[in-house]
Every structure is written in C-alpha cells, then in structure tokens.
Protein chains: 2
Amino acid sequence: MDKVDRILAQWRRERPDLDVTQMGVIGRIGRLRSHLSAAHERVFKKYDLSLASFDVLATLRRSGPPYALSPSELIDWTMVTSGTMTNRLDRLEKAGLITRQRNPEDGRGFVIALTDKGFELIDAAVTEHVANQHQMLEALSAEELEQLDSLLRKWLAAMNSAENSEDS
Amino acid sequence: MDKVDRILAQWRRERPDLDVTQMGVIGRIGRLRSHLSAAHERVFKKYDLSLASFDVLATLRRSGPPYALSPSELIDWTMVTSGTMTNRLDRLEKAGLITRQRNPEDGRGFVIALTDKGFELIDAAVTEHVANQHQMLEALSAEELEQLDSLLRKWLAAMNSAENSEDS
DNA sequence: TGAATATATCTTGATGTCAAGATAAATGGA
DNA sequence: TCCATTTATCTTGACATCAAGATATATTCA
C-alpha cells in the first residue's frame with residue numbers, strides 16, 4: 001500500500017462511479033520520474049550541470065566527431081522548443097562548454113560545437129551518470145528489466161502514433 | 001527502433017566502455033511522462049486548469065468532506081515545496097476555487113477548502129480525466145497493464161527506500 | 001515562566017519552460 | 001528575376017518550480 005494506492009483508495013471511496021484502474025500505472029510513472037530526475041541531478045550537480053545542460057552536451061557528445069550539431073537538430077533530439085534551446089545554448093556558451101558559430105552553408109543557421117572543456121566535462125559526467133543508472137535499477141532482475149522495457153516500448157509506440165495521428 | 005534505441009546505439013558507438021542497458025528503460029519513462037503530461041493538459045485546459053491547479057483541487061476533492069486540508073497536508077500529497085504550494089494556492093484563491101482561512105486551532109496554519117465552484121469544476125474535470133487515462137492505456141491488455149503495474153510498483157518501492165535511507 | 005527549538009507558511013531570487021511573434025535567410029515557382 | 005512561402009533561430013512575456021531565508025506561532029523542558 002504505497003502513496004499511489006492510497007490515492008486510488010480515496011477516489012474509489014469518493015467517486016465509486018469512476019474506474020481508476022489506469023490511474024495507478026500513470027501515477028507511478030510520474031512518481032518514478034520525479035525520483036529519477038532527483039537522482040540524476042545529484043550527479044549533474046557534481047559537474048555544475050543541470051538536466052538541461054547535460055541533455056545538450058550529451059547529445060553533442062554521442063553524435064560523434066566533430067561533436068557539432070545545429071540548434072534544430074538539438075531541438076529534435078531533446079524535444080524542447082526553440083526558445084528553450086536558445087536559452088540553454090546561451091548558458092552553455094557563457095560557461096565555455098560549447099561554441100556557437102554561423103553556419104557558412106546556411107546563413108540562417110548556426111553550428112553548435114563542444115569545446116575541449118565541454119567534451120571532457122560531459123565524458124566524465126556521463127560515466128558517473130551511467131553508473132548511477134545501474135544503481136537505480138538494482139532492485140530489478142535482468143529478466144524484469146527486459147519485461148519492463150518491452151512493455152514501456154509498446155506503450156510509448158502507441159502514444160507516439162496517437163500523437164502523430166492527431167496532427168492531421 | 002525508436003528514438004531511445006537510436007540514442008543507445010549512438011552511445012554504444014561512441015562509448016563502448018559504458019553499459020547503457022538501463023538507460024533505455026529510464027529514457028522511456030521520461031518520454032512517456034512527457035506524452036502523458038501533454039495528454040493530461042489537453043483535458044485540463046478545457047476547464048481552465050493547469051496540472052498544478054488540478055493537482056491541488058483533486059487532492060482536496062478526494063480527501064472527502066469537508067474537502068479541506070492544510071497547506072502542509074497538500075504539500076505531502078503533491079510532493080512540491082512550500083513556496084510552490086503558496087503560489088498554487090494564491091492562484092486558486094484568486095480564481096475563486098478555494099478559500100484560505102486561518103486555522104483557529106493553530107495560529108501558524110491555514111485551512112484550505114474547496115468552494116462550491118471549485119468542487120463542481122474538479123468533479124467534472126476528473127471525470128473526463130479518468131476517461132482520458134483509459135484511452136492512453138488502450139494499447140495494453142489488462143494482463144499487460146497488471147504486469148506493468150507490478151514492475152513499476154516494485155521499482156518505485158525500491159527508489160522510495162533508497163531515498164529514505166539517504167537522509168540518515 | 002522563559003529561552004531554545006520546532007513547525008507552518010510566505011517571500012525572494014534564480015532557473016527553466018513554453019507559446020507566440022519577430023527577424024533574417026533560403027527556396028520555389030510564375 | 002522576384003515575390004511568396006518556408007525555414008532557422010532569437011526575443012518576449014507569462015508561469016511554475018525550487019532553495020534559502022524570513023516571520024510568526026507552538027511546544028518543550030530546564
């Protein structure tokens with residue numbers, strides 16, 4: 001009987017006309033996300049990073065040499081708006097972790113690249129980040145992990161296609 | 001091969017020394033949460049509510065008669081900081097959805113109560129909210145839903161106890 | 001009783017986010 | 001060629017959130 005269960009019990013008492021079966025799963029996803037973010041941020045802080053800045057640096061790092069992408073490509077990967085990305089890049093540029101140069105092939109665009117300092121920082125941070133993620137999932141066996149991944153993958157695929165069919 | 005898989009593939013190419021097995025599950029949790037929040041907000045907007053205000057009103061509503069709690073109790077249920085709760089209550093009070101009166105039994109505290117308008121609004125909103133949640137999980141069978149719930153519950157319990165043992 | 005401590009809530013300042021609109025450059029057709 | 005449209009990015013303004021500190025009241029215990 002965790003907090004989510006108590007919430008469901010309250011709804012069943014107050015609104016017996018509602019079927020709150022799915023609320024449990026959805027509520028647990030949200031609470032898990034909070035815990036995961038908090039745990040992630042504890043590591044990020046050691047490197048003077050936020051989730052926002054880690055997200056950008058990691059995207060550049062894993063894109064491979066020359067560790068450079070356009071703001072638009074970064075927006076696609078990170079799923080934030082252009083205004084948010086501008087703000088993130090401003091901070092990272094000020095911190096000396098990225099450079100922002102006009103794209104010589106497209107006057108509208110920019111090229112965002114990791115500096116040496118940015119590369120070293122994100123490489124160290126991601127190493128600890130991955131170790132941290134291992135710890136977070138210690139409670140589940142390899143089998144359970146795979147089961148969970150497959151269920152989440154199926155659900156996510158369905159949500160993605162619902163989202164897309166909505167646009168039309 | 002969804003976006004999360006592509007991220008893992010990039011890391012495996014760039015940092016073959018890291019084992020990113022758990023990153024998939026964690027990444028999918030995050031992406032799912034984004035989708036779920038967006039879908040929730042579409043319903044909330046119809047009632048001129050945000051996730052923040054829905055959260056508070058729903059907590060009051062399901063607490064049962066007299067639909068009144070202290071700010072501290074609301075903080076416990078919603079897991080936000082006191083500053084955030086003050087801000088939420090300010091808006092809800094201005095909108096006429098709650099009242100905020102001094103607690104006659106404890107001069108430091110307040111009693112936050114649903115107004116009639118607040119009660120009617122949250123009752124209508126939660127009905128549609130629950131129907132919306134059913135739709136979001138249509139892709140999974142009852143069996144899969146139960147499996148997923150049980151895995152999430154186990155993981156969440158582990159994260160909760162990790163959190164608590166950290167305090168010491 | 002009084003002082004020290006704890007509790008409840010609010011205030012302040014910094015971040016981070018989005019939606020909508022502005023600006024500038026590129027592109028596609030007439 | 002040149003105008004209309006599209007694309008890439010930045011700007012602005014409104015919120016929401018947190019951490020840290022302020023304030024007022026309660027409680028504890030010497």
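We name chains A, B, ... by the order of the sequence lines, and we start the count at 1 in each one. Here the structure is a predicted model, which means the values were calculated and not measured.
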Enquirer: How many angstroms lie between atom CD1 of B:Ile26 and atom CZ of B:Arg31, to the nearest 0.5 angstrom?
Expert: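 So the gap between those two atoms works out to 13.5 Å.
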Enquirer: Measure from CG on A:Leu69 to P on D:dA8 and round the result to the nearest Å.
Expert: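 Computing the A:Leu69:CG to D:dA8:P distance gives 14 Å.
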Enquirer: Check the distance between C:dT15's C1' and B:Asn87's CG and give it to me in whole angstrom.
Expert: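 Result: 14 Å.
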Enquirer: Measure from CE on A:Met79 to C1' on C:dG16 and round the result to the nearest Å.
Expert: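 Roughly 16 Å, once rounded to whole Å.
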Enquirer: Let's test your reading of the model: under 3.5 Å, does the base of D:dT7 pair with the side chain of A:Arg108 as donor and acceptor?
Expert: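 Indeed, a donor on one side and an acceptor on the other fall under 3.5 Å apart.
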Enquirer: Rounded to whole Å, please give me the gap between CG in B:Leu49 and C1' in D:dC15.
Expert: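 Value for this atom pair: 15 Å.
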Enquirer: Is the phosphate of C:dT9, meaning OP1 or OP2, less than 4.0 Å from a side-chain N or O of B:Arg100?
Expert: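 No.
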Enquirer: Can you find a side-chain donor-acceptor pair between A:Thr81 and A:Thr84 that sits under 3.5 Å?
Expert: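 The criterion, which ignores hydrogens and geometry beyond distance, is satisfied for A:Thr84 and A:Thr81.
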Enquirer: Whole angstroms only, please: what is the CD-P distance between A:Glu105 and C:dA25?
Expert: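 Roughly 17 Å, once rounded to whole Å.
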Enquirer: Could you state the CG-P distance from B:Asn103 to D:dT25, rounded to the nearest angstrom?
Expert: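 Atom-to-atom, B:Asn103 to D:dT25, this comes out as 13 Å.
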Enquirer: Is A:Thr84 close enough to C:dC18 that one of its side-chain N or O atoms is under 4.0 Å from OP1 or OP2 there?
Expert: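 Checking C:dC18 against A:Thr84, a side-chain N or O does come within under 4.0 Å of OP1 or OP2.
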Enquirer: Nearest whole angstrom, please: distance from the C1' of D:dA24 to the CZ of B:Phe110.
Expert: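 To the nearest whole Å, that distance equals 10 Å.
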Enquirer: Please check the phosphate of C:dT15 (OP1 and OP2 only) for any side-chain N or O of A:Arg88 closer than 4.0 Å.
Expert: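 No, A:Arg88 has no side-chain N/O under 4.0 Å of OP1/OP2 on C:dT15.
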Enquirer: Within the 4.0 Å heavy-atom criterion, would you say B:Gly83 contacts the bases, only the backbone, or no part of the nucleic acid?
Expert: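 Since a base atom lies under 4.0 Å of B:Gly83, the category is base.
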Enquirer: Between A:Met85 and B:Thr81, which is nearer to the 5' end of DNA chain D once each is assigned its nearest nucleotide?
Expert: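 It is A:Met85 whose nearest nucleotide is closer to the 5' end.
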Enquirer: Students often get this wrong, so: under 4.0 angstrom with heavy atoms, is B:Arg102 touching a base, only sugar-phosphate, or nothing?
Expert: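 Since no nucleic acid heavy atom lies under 4.0 Å of B:Arg102, the category is nothing.
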Enquirer: May I ask you to decide if the ring planes of B:Phe54 and B:His129 are parallel, tilted or perpendicular, using 30° and 60° as cut-offs?
Expert: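 It falls in the tilted class, 30° to 60°.
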Enquirer: Does any donor atom in the side chain of B:Ser50 or B:Arg88 lie under 3.5 Å from an acceptor atom in the other side chain?
Expert: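 No, no side-chain donor-acceptor pair sits under 3.5 Å.
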Enquirer: Does B:Arg62 make a cation-pi contact with B:Trp77, if we ask for NZ or CZ under 6.0 Å from the ring centre and within 45° of the axis?
Expert: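 Ring-cation test returns yes.
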Enquirer: Give the rounded distance in Å between these two atoms: CG of A:Asp55 and C1' of C:dT17.
Expert: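 So the CG-C1' distance, A:Asp55 to C:dT17, works out to 13 Å.
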Enquirer: Please tell me which of B:Pro71 and A:Arg91 maps to the more 5' nucleotide of DNA chain C, matching each residue to the nucleotide holding its nearest heavy atom.
Expert: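 Final value for this comparison: B:Pro71.
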Enquirer: For D:dA8, does OP1 or OP2 lie under 4.0 Å from any side-chain N or O of A:Ser70?
Expert: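 It does not, given that no N or O in the side chain of A:Ser70 lies less than 4.0 Å from OP1 or OP2 of D:dA8.
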Enquirer: If you check the B:Ser72 side chain, which of D:dT17, C:dT15, C:dA8 turns out closest?
Expert: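 When the side chain of B:Ser72 is considered, C:dA8 is the closest of D:dT17, C:dT15, C:dA8.
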